[in-house]
Amino acid sequence: MVTLTSVAHRRPPAVPRAPRVLPVSVRLFVVSVAFAVGYRYSLGTLVSEWNHETPLADLALVPALALVLVAAAASRHRYVAHLRLGRCDYVLAIPLLLTAIVLVSVGPIAWSKYFWAARIDLLTLPLVALASVVLLFGARIVFPFALPVVFLLLAWPLPYVVMLEHALARFTAATTGTVTAIASSLEIASPDTHAGVGVFVVRHGGHAFSVGIGDACSGVNSLVGFLIIGAAGLYFVRGRLPAKLAWFLCGALLVYVFNVARILGILVVGRAFGERAAFEVVHPVAGLVALAAAVALTVRLLPWFRLQLRAPGEQSIADTPVARAAPLDQQATIRRAAPRIALVAGATVALALAGGNLAVAARGLDNFGRPAIKTFAADPTVGPRWRVGRVETIGWATPYYGSHSSWVRYRLRPQAPAGRDAFTVWLDAITSSDLGALNAYTLAHCYAFHGFRVQLARRVDLGNGVIGQEFAYRTARTTWHAVAWQWPVLGASSRVEHERVVLIASSSRRPTSDRVGGSAPLTAPVLALQNATAPSRDDNGRLTKALVAVASAAVAARIAS
């Protein structure tokens, strides 16, 4: 008989499993998905321009290249996989996420159409990128990932738009002058004096056809593309910073030279083989070939500047405290990373919901923030219910709004008899290229200067993403009701100008009006908060509502046209 003791039933103690660290590739995948979902609309506007021959079409490359740079930085700095996750990560990341969410959701209400004109939604890309990588890699990731995060600023179109508006015409003229001098001296083509500057006559086999150099052919498109690709390429080049900058400028010059050679090549092919060969065979591929040749030659010139390409898989020396590996239980284990991924997912959902309202903010402007709305003088419409008649031009305000500003007054009257609801509306359209002047002399300043007693001064939603103001002010004779809004418009020579439209009426009648549709779900509570302390007395609220309806119809008609 065998006796079993309690010792025989004992099992060896279980060895605790080591915590598993979340791979770098998985964390980068989470960040990329968060961007794709949270900024679906914003990034979609850039991608939709990719097939168009516009100078800013290559901005669609920036997010993809930023992801490549992040992957390259993670490969070069292998220690990023073992950094410590701490509480300070939340202290840094949460304010960045909240700032981005507030800007995207409340910005279109606070700045009306100027939010999309400035494309502030794209300006928040680096904030969300930095917050996401800090949460998933730790605060020390700021140092190795600084360049990819800052690189996202190149997707912001406003600096390009401002530069092109002031320099595109001159740049096109310089390219035209260079091509004219070379083509005339080599007798490839002759300028067409009847068609204007930038048009050439090419003769082939007794027949002649015209070739014009537009803005798209000036080389700006290629230079913007080289700026984006070259800025990313600098990360893969080893050498001193001054040498890198000199090499980069040399590459930009080569891009311009090769573009001039491309235009001359098209003229040569047209002269030798005819118009179809020039435009159906050479022209579609000449731009890509010229840019590729310029980039290839730029890479070949690296030794001239004492630079060299980094070897694939090259790693940096990690002997600083920043690169010190944390204990395993303090790294990005699945348990420690899970709440951070949930936080990134929550911010992504909030950005996606807020981004759904950007389509309303974008109405009347293109994908890069340039206005498509003409000035009221060029398109005097307020909808089908009102007749517009020009009354006078006011010139005394020129010193305030600039020498190139204009102030035109119109009178609006109902198209059909409105009976007891009939009232006359006066419309002032003030246009200026100086936004600062319009902001310095607002309606509130005007009413205060004249000593009017303002009884009502509130912000109001006019629909289609336009936030205006409604006023009721008392003069020595009567009470006037006004509704005004301000937005960017397309002026003469396709230049961006700024227009303030003011609707004014004074009547004892209390007309009925149609209901005005809202712009976005958050608009009403945000405006209520802004109007909480504003003057709100209105003795004829129905007249003010009728003016708001007229303004809303005018906004819709202007955007639709």
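Values below: all heavy atoms of this structure, side chains included; hydrogens, waters and symmetry mates excluded.
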Quiz item: Does a salt bridge link Asp329 with Arg336, judged by any charged N lying under 4.0 Å from a carboxylate O?
Solution: no
Quiz item: Within a strict 4.5 Å, meaning less than it, do heavy atoms of the Arg119 and Ser42 side chains meet?
Solution: yes
Quiz item: When you measure from the side chain of Arg78 to the backbone N and O of Ser75, does any donor-acceptor pair fall under 3.5 Å?
Solution: yes
Quiz item: How about Asn357 and Ser105: do any of their side-chain heavy atoms sit closer than 4.5 Å?
Solution: no
Self-check item: Within 6.0 angstrom of Arg310 CZ, more than 12 heavy atoms from elsewhere
Solution: yes
Exercise. Using a strict cut-off of less than 4.0 Å between a Lys/Arg side-chain nitrogen and an Asp/Glu carboxylate oxygen, indicate whether Arg87 and Asp89 qualify as a salt bridge.
Key: no
Quiz prompt | Exam field: side chain Lys374 to backbone Val489, donor-acceptor pair closer than 3.5 Å | solution = no
Self-check item: Check: Asp434 side chain, Gly436 main-chain N or O, donor-acceptor pair, under 3.5 Å
Solution: yes
Quiz item: Does some side-chain heavy atom of Ile182 sit less than 4.5 Å from a side-chain heavy atom of Thr178?
Solution: yes
Quiz item: With a 6.0 Å cut-off on ring centres, are Tyr256 and Phe226 close enough?
Solution: no
Quiz prompt | Least distance between heavy atoms, Trp116 atom then Ala362 atom | solution = CE2-CB, 3.4 Å
Quiz prompt | Aromatic centroids of Phe145 and Phe137 separated by under 6.0 Å | solution = yes
Practice problem: Would you confirm whether the ring centroid of His498 sits within less than 6.0 angstrom of the ring centroid of Tyr114? | Solution: yes
Quiz item: Are the side chains of Pro371 and Val496 in touch, meaning some heavy atoms are under 4.5 Å apart?
Solution: yes
Exercise. Please answer whether the main-chain N or O of Ala118 pairs with a side-chain N or O of Trp156 as donor and acceptor at a distance below 3.5 Å.
Key: yes
Exercise. Can you see which heavy atom on Ile266 is nearest to which on Ala278, and at what distance?
Key: O-CB, 3.7 Å
Practice problem: May I ask you to test the Glu280-Glu275 pair for a side-chain heavy-atom distance under 4.5 Å? | Solution: no
Practice problem: Report yes if the side chains of Glu497 and His404 come closer than 4.5 Å at any heavy-atom pair, otherwise no. | Solution: no
Exercise. To the nearest 0.5 Å, tell me how far Ile229 CD1 sits from Leu154 CG.
Key: 12.0 Å
Self-check item: Ser112 side chain vs Ile467 backbone, donor-acceptor pair below 3.5 Å
Solution: yes
Quiz prompt | Interatomic spacing from OG1 in Thr99 to CD1 in Ile94 - rounded to 0.5 Å | solution = 11.5 Å
Self-check item: For Gln331 against His82, the heavy-atom pair lying closest together
Solution: OE1-ND1, 3.2 Å
Exercise. Please lay out, stage by stage, how Thr375 and Leu490 fare under the test side-chain contact (heavy atoms from CB on, under 4.5 Å).
Key: CA-CA 6 Å; Thr375 62; Leu490 197 61; over 6 Å; no
Practice problem: For Arg27 and Leu136, indicate whether the former's side chain and the latter's backbone hold a donor-acceptor pair under 3.5 Å. | Solution: yes
Quiz item: Is a side-chain donor or acceptor of Ser32 paired with a backbone partner of Phe29 at a separation under 3.5 angstrom?
Solution: yes
Quiz item: With a 4.5 Å heavy-atom cut-off, do Arg20 and Thr333 have their side chains touching?
Solution: no
Quiz prompt | Residue pair Phe273, Val281: steps toward the side-chain contact (heavy atoms from CB on, under 4.5 Å) verdict | solution = CA-CA 11 Å; Phe273 302 102; Val281 178; over 6 Å; no
Exercise. Report yes if the side chains of Leu125 and Val62 come closer than 4.5 Å at any heavy-atom pair, otherwise no.
Key: no
Quiz prompt | Pro488 backbone acceptor or donor facing Lys113 side chain under 3.5 Å | solution = no
Quiz item: Do Trp50 side-chain atoms and Ala60 backbone N/O form a donor-acceptor pair below 3.5 Å?
Solution: no
Quiz item: Just checking, any donor-acceptor pair under 3.5 angstrom between side chains of Ser48 and Asn367?
Solution: yes
Practice problem: Using atom types as modelled and distance alone, determine if a side-chain donor or acceptor of Arg340 lies under 3.5 Å from a backbone N or O of Leu135. | Solution: yes
Quiz item: Are any of the side-chain nitrogens in Glu499 or Arg558 under 4.0 Å away from the carboxylate oxygens of its partner?
Solution: yes
Self-check item: Identified side-chain contact (heavy atoms from CB on, under 4.5 Å) counterpart of Leu123 within the set Leu103, Leu153, Val104, Leu152
Solution: Leu153
